[in-house]
Amino acid sequence: MITVESQAAVRSAPVLPLTTRLGAVRIGVTDRTSALAVWRDVVGLELISEDAEALHLGAGGKELITLELGATKPFPERSLGLYHVAIHVPTRKALAEMVVRALMRRVRISPTDHLVSEAIYLWDYDNNGIEITFETPWRGVIGDGEDGFYVRTVDGSPHSGREAIDVDDLLGELDDIKTVPPAMPEGTRIGHIHLHVNDLELAMRFYRDGIGFGGLFIMRRFGMGDLGLDYPPHTIAFNIWSGPNAAQALKGSAGLRWFHIVVPDAAALQAVRDRLTAIGAGYADTNEGIETRDPAGNLAKVVVG
């Protein structure tokens, strides 16, 4: 059971417009064939296009993941950067289909029930973390911290938030496990991103008070923080599990290059600029919008779209 302390100093409503979303995430990989063996053949993203620098993958014709070619080594353990990128699917059936693609290719997965979502965790051959998520908000709620629990079922019972998914029950969503589609359905999106950082409070200040997400939790005993918009489980998560001396991976390593935060209009973008300035966080204007690094060095690009 994940127990948590009071969140009175953390909780806040998002000041970003609720139509804000996460856009494409750019990740470095070492090898085209190995990358496609996971991201396309198991995860189920379609290869929309490619060029000399990158593979552009998505669902329903919409780019979600950009795989930058040319890394010379996998993402090292105990580094700052990407813990996982979470691809949210619109149906439980799509989650089950992904499980079958993984089992057929003998790719190791970790199916986990977070109550407010069901998640399948896996890694590509460069140690880039991936989560496939189906949101299940009708099953429970994220607690307020005052009662000491992270999540509760709809009848008020505490839930661990880390139980195993009944895979047989999940596969029962399928008519025929021998014939599953190779691609994720339209409506699949980047739902959240989970980052390695080295200070929970600094990360919360940056993403809540600077960018404008709503503060949900800092679980100090668990070493993790959450922020969100208006859907569970979260939009931005971060942890300190790489240790107090963790640093960004050396140049040439696979891993996160940047992720996009897409705001609805120029006014929302300017408000992000103003909030970052107010907390002393730097940013640079670009042709798309702005780019800024969190205190751990993770690069976020805030754009209008």
Side-chain angles (χ1 to χ4, degrees), residues 22-48 54-59 62-69 71 74-77 79-92 94-114 117-135 162 164-165 167 170 180 182-185 187-196 224 233-239 241-242 249 253-260 298:
L22 297 182
V25 179
R26 191 174 180 100
I27 297 169
V29 296
T30 59
D31 179 75
R32 177 188 183 277
T33 301
S34 296
L36 289 176
V38 174
W39 291 94
R40 181 189 61 192
D41 299 343
V42 175
V43 173
L45 297 178
E46 58 182 304
L47 180 60
I48 297 172
L55 310 174
H56 305 269
L57 298 105
K62 180 180 178 181
E63 184 173 356
L64 302 177
I65 297 291
T66 308
L67 297 179
E68 180 182 295
L69 303 170
F75 179 67
E77 299 285 348
S79 296
L80 302 178
L82 183 68
Y83 180 56
H84 61 244
V85 57
I87 301 169
H88 289 210
V89 293
T91 65
R92 194 168 191 250
L95 190 71
E97 290 167 349
M98 180 267 152
V99 168
V100 171
R101 290 192 295 267
L103 294 175
M104 289 176 61
R105 292 165 178 82
R106 300 180 181 273
V107 170
R108 181 170 63 95
I109 58 173
S110 179
T112 306
D113 184 358
H114 297 306
S117 67
E118 292 180 304
I120 309 296
Y121 295 93
L122 68 157
W123 295 261
D124 72 6
Y125 293 107
D126 288 311
N127 202 32
N128 293 309
I130 308 166
E131 176 183 336
I132 312 302
T133 309
F134 176 58
E135 298 165 20
R162 294 184 295 170
I165 291 176
V167 174
L170 178 59
V180 299
M184 286 181 156
T188 298
R189 73 187 202 283
I190 301 297
H192 71 269
I193 191 163
H194 192 152
L195 303 166
H196 289 294
M224 181 179 165
H234 39 228
T235 311
I236 304 287
F238 49 83
N239 70 66
W241 302 334
S242 286
S253 300
L256 180 67
R257 299 298 185 255
W258 62 74
F259 66 100
H260 286 95
N298 299 306

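Quick caveat: nothing in here was measured; it's all calculated off a predicted structure.
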Pairwise side-chain contact, [X] with [Y], heavy-atom cut-off 4.5 Å (strictly under):
{"X": "Ser110", "Y": "Leu122", "answer": "no"}
{"X": "Asp41", "Y": "Arg101", "answer": "no"}
{"X": "Leu55", "Y": "Thr66", "answer": "no"}
{"X": "Thr133", "Y": "Glu118", "answer": "no"}
{"X": "Ile165", "Y": "Ile120", "answer": "yes"}
{"X": "Asp31", "Y": "Tyr125", "answer": "no"}
{"X": "His234", "Y": "Met224", "answer": "yes"}
{"X": "Leu45", "Y": "Ile87", "answer": "yes"}

Check [X] against [Y] and note the closest heavy-atom contact, atom names and distance.
{"X": "Ala24", "Y": "His260", "result": "O-ND1, 2.8 Å"}
{"X": "Val42", "Y": "Ala37", "result": "CG2-O, 3.4 Å"}
{"X": "Ala94", "Y": "Val89", "result": "CB-CB, 3.9 Å"}
{"X": "Ser253", "Y": "Pro74", "result": "CB-O, 4.0 Å"}
{"X": "His196", "Y": "Ser242", "result": "ND1-OG, 3.2 Å"}
{"X": "Pro185", "Y": "Ala59", "result": "O-CB, 3.8 Å"}

Handout entry: Val85 and Asn128: CA distance, side-chain angles, deciding distance, side-chain contact (heavy atoms from CB on, under 4.5 Å) verdict
Key = CA-CA 9 Å; Val85 57; Asn128 293 309; over 6 Å; no
Handout entry: Any residue meeting ring-ring contact (aromatic ring centres under 6.0 Å, His included) with His56, in chain and number order, not counting sequence neighbours
Key =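 In terms of ring-ring contact (aromatic ring centres under 6.0 Å, His included), with neighbours along the sequence ignored, His56 is linked to no residue.
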For [Y], is there any backbone N or O sitting under 3.5 Å from a side-chain donor or acceptor partner on [X]?
{"X": "Asn127", "Y": "Phe75", "answer": "yes"}
{"X": "Arg105", "Y": "Leu103", "answer": "no"}
{"X": "Asp126", "Y": "Thr30", "answer": "yes"}

Value rounded to 0.5 Å, distance of [atom1] in [X] from [atom2] in [Y]:
{"X": "Leu80", "Y": "Leu256", "atom1": "CG", "atom2": "CG", "result": "11.0 Å"}
{"X": "Glu135", "Y": "His88", "atom1": "CD", "atom2": "NE2", "result": "5.5 Å"}
{"X": "Ile190", "Y": "Phe259", "atom1": "CD1", "atom2": "CZ", "result": "11.5 Å"}
{"X": "Trp123", "Y": "Arg108", "atom1": "CH2", "atom2": "CZ", "result": "5.0 Å"}
{"X": "Arg162", "Y": "His114", "atom1": "CZ", "atom2": "NE2", "result": "9.5 Å"}
{"X": "Leu95", "Y": "Met184", "atom1": "CG", "atom2": "CE", "result": "8.0 Å"}

Practice task
Assess whether atom OH of Tyr121 is packed by more than 12 heavy atoms of other residues, nucleotides or ligands within 6.0 Å.
Solution key: yes
Exercise for the section: Test Asn298 against Phe238 for side-chain contact (heavy atoms from CB on, under 4.5 Å), laying out the working first. Expected result: CA-CA 11 Å; Asn298 299 306; Phe238 49 83; over 6 Å; no
Handout entry: Verdict with reasoning, Leu57 to Ile48, per side-chain contact (heavy atoms from CB on, under 4.5 Å)
Key = CA-CA 5 Å; Leu57 298 105; Ile48 297 172; 5.9 Å; no
